[in-house]
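Just the heavy atoms: all of them, side chains too, but no hydrogens, waters or symmetry mates, feed the values below.
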Amino acid sequence: MSAISNFMACGGRREPAVNCFDKKNLDFGLNWRATSSITRISMPFQKNEFQLGTEGKSSRGNKEKRSIRMALVDERVVYGRDTAGRPAVLAYDLVQGPLVKWGSVMGKSKPDPPTAVLLHGILGSRKNWGTFTRRLAQEFPAWQFLLVDLRCHGDSASIRKRGPHTVASTAFDVLKLVAQLRITPRVLIGHSFGGKVALSMVEQAAKPLAQSVRVWSLDATPGKVRAGGDGEDHPAELISFIRKLPKEVFSKRDIANALIQEGFSKDVAQWVVTNLKTNGPPGLPSSSFSWMFDLDGISEMYQSYEETNLWKFVENLPQGVHVNFLKAERSLHRWALEDLQRIHAAEDLAAEEGAGVEMHVLEDAGHWVHADNPDGLFRILSSSFQAFKA
């Protein structure tokens with residue numbers, strides 16, 4: 001297995017992994033041999049956004065009418081030989097199974113392997129999917145898996161993004177990234193906020209699709225977001241409370257305790273402090289931490305998550321798109337009877353149009369599906385990877 005990242009340290013400082021690999025007499029065009037070790041490749045990190053031609057005009061404050069011809073569609077984006085020098089769109093890891101024979105995220109000398117894109121939720125990061133993705137890569141060794149830090153989150157927070165910070169603009173970021181990497185996603189998996197982002201990606205992609213795409217929305221409905229009850233998940237309140245915390249932190253335990261005293265669960269508190277990074281040079285002890293996210297941008301993103309309604313798209317899926325909704329058994333507050341009824345109605349309608357909608361229930365799991373019941377989630381998601389032969 002190999003893992004390609006565009007955010008890593010090489011020789012004690014951040015630099016393009018092209019340089020790291022040149023030192024070892026390797027290049028991006030080699031065929032990867034089956035291995036259980038993890039190799040990391042880095043792309044240059046720059047502040048300017050990657051620019052890609054779009055169709056249509058956008059207006060601030062209103063819906064942005066943009067479409068992008070990218071790797072999900074028949075007409076692929078083609079760049080010159082300087083692609084590797086283009087600025088980063090988002091921070092990412094590309095985890096490749098041991099049978100993947102294509103080692104370049106920029107070159108297309110060989111057909112690209114089947115690819116899945118995994119998207120985290122609000123206040124998360126690509127690290128949330130790390131352990132689960134490595135398991136997928138071992139079980140489905142011919143696949144590769146793209147893990148992304150969404151805008152304002154994780155390592156992508158240092159990449160300046162223009163507002164508005166919405167579900168649609170977040171999805172457009174990921175579309176630009178897969179276009180830049182010249183990969184063709186077969187599967188899109190999004191948890192919570194990431195679930196709506198995955199749906200928005202397919203909605204925005206230019207039509208017709210060159211091949212079928214399977215979308216997984218994990219514990220997220222296409223429409224109204226319903227906050228939790230007592231002791232359950234309240235993202236808006238969580239964001240508001242984090243605003244009150246100091247920007248420089250000297251104890252992760254103190255922050256976790258403060259969150260618990262405020263009424264958030266221990267699991268949520270432990271998850272929040274994973275967004276703290278040590279100050280100072282990597283590898284050296286540090287007495288302080290700072291937050292990895294852009295909280296103002298995240299607050300705007302969550303508001304968009306509550307307001308974005310993608311029911312019209314789900315109920316009128318283009319041919320070749322298969323959408324799977326997964327409801328966590330203990331996340332009753334997120335799923336109204338109306339949601340379930342509309343999804344079941346969409347199942348019948350999509351079948352008539354050559355598309356597909358399915359509803360799944362993950363037993364013994366709360367909202368954090370990949371942590372609460374990873375085995376059950378793995379079994380359910382496996383059908384998507386078994387459906388495609390490398």
Side-chain angles (χ1 to χ4, degrees), residues 1-8 32-41 91-103 105 112-121 124-150 154-155 174 178 181 183 185-192 194-195 197-198 213-220 267 270-271 274 322 324-331 358 360-390:
M1 186 196 313
S2 61
I4 301 170
S5 174
N6 71 334
F7 199 87
M8 63 162 285
W32 291 91
R33 294 181 179 179
T35 175
S36 59
S37 63
I38 295 179
T39 306
R40 292 192 177 275
I41 300 177
Y92 67 86
D93 291 326
L94 186 64
V95 179
Q96 297 177 324
L99 296 182
V100 173
K101 298 299 183 182
W102 176 55
V105 295
D112 56 318
T115 304
V117 178
L118 292 93
L119 308 171
H120 62 78
S125 74
R126 69 188 192 274
K127 295 178 181 178
N128 297 157
W129 283 110
T131 300
F132 191 86
T133 301
R134 288 191 291 273
R135 180 178 175 183
L136 285 172
Q138 290 290 354
E139 183 68 20
F140 304 101
W143 279 74
Q144 62 182 12
F145 304 87
L146 180 66
L147 285 65
V148 179
D149 277 348
L150 301 177
D155 292 326
V174 185
V178 299
L181 299 181
I183 60 178
R186 303 280 188 91
V187 177
L188 305 174
I189 301 172
H191 174 242
S192 193
V197 172
V213 177
R214 301 180 76 89
V215 181
W216 287 86
S217 179
L218 307 182
D219 215 33
D267 289 341
Q270 292 177 339
W271 163 66
T274 63
H322 193 111
N324 295 269
F325 292 98
L326 183 140
K327 172 186 175 297
E329 184 181 34
R330 298 199 303 268
S331 268
E358 286 188 56
H360 309 261
V361 177
L362 180 61
E363 298 178 351
D364 193 27
H367 184 55
W368 311 106
V369 291
H370 41 326
D372 291 346
N373 187 358
D375 291 339
L377 180 62
F378 187 88
R379 286 192 296 270
I380 292 175
L381 292 180
S382 292
S383 61
S384 287
F385 306 108
Q386 293 167 345
F388 295 104
K389 301 297 183 181

- Message: I'd like to know if the side chain of Asp149 reaches the main chain of Ala91, judged simply by a donor and an acceptor atom lying under 3.5 Å from each other, with no hydrogens or angles considered.
- Response: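 Absent.
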- Item | Check: Leu150 main-chain N/O paired with His120 side-chain donor or acceptor under 3.5 Å | yes
What closest approach, in Å, do [X] and [Y] show between heavy atoms, and which atom pair accounts for it?
X: Gly366; Y: Ala328; value: O-CB, 3.1 Å
X: Ala198; Y: Gly190; value: CB-N, 4.5 Å
X: Ile183; Y: Pro185; value: O-CD, 3.4 Å
X: His370; Y: Asn128; value: CD2-O, 3.5 Å
X: Gly121; Y: Ser192; value: CA-CB, 4.4 Å
X: Pro113; Y: Ala142; value: CB-O, 3.5 Å

- Query: Of all residues at least two apart in sequence or in a different chain, which pass the side chain to side chain contact (heavy atoms under 4.5 Å, CB included) check with Asp372?
  - Reply: Arg330, Ala365, Trp368
- Message: Going by side chain to side chain contact (heavy atoms under 4.5 Å, CB included), name the residues that satisfy it together with Thr133, two or more places apart in sequence or in a different chain.
- Response: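 Applying side chain to side chain contact (heavy atoms under 4.5 Å, CB included) to Thr133 gives Val95, Leu118, Trp129, Phe145, Leu147.
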Side chains of [X] and [Y], heavy atoms from C-beta outward: is any pair under 4.5 Å?
X: Phe385; Y: Glu139; answer: no
X: Val148; Y: Arg126; answer: no
X: Leu381; Y: Val187; answer: no
X: His360; Y: Leu377; answer: no
X: Ile4; Y: Gln144; answer: no

- Query: Among His191, Lys327, His367, whose side-chain contact (heavy atoms from CB on, under 4.5 Å) with Leu218 holds?
  - Reply: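 The option that passes is His191.
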- Item | Working for side-chain contact (heavy atoms from CB on, under 4.5 Å), residues Leu188 and Leu119 | CA-CA 8 Å; Leu188 305 174; Leu119 308 171; 5.8 Å; no
- Task: Tell me, with the steps shown, if Lys127 and Asp155 meet salt bridge (charged side-chain N to carboxylate O under 4.0 Å, His left out).
- Result: CA-CA 10 Å; Lys127 295 178 181 178; Asp155 292 326; 5.8 Å; no
- Message: One pair to check against side-chain contact (heavy atoms from CB on, under 4.5 Å): Leu94 and Leu181. What are the steps and the verdict?
- Response: CA-CA 10 Å; Leu94 186 64; Leu181 299 181; 5.7 Å; no
- Test side-chain hydrogen bond (donor to acceptor under 3.5 Å, both in side chains) applied to Trp216 - qualifying residues, sequence neighbours left out: Ser384
- Query: If you round to the nearest 0.5 Å, how far is CZ of Arg214 from CG of Asn324?
  - Reply: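 Nearest 0.5 Å value for the CG-CZ distance: 5.5 Å.
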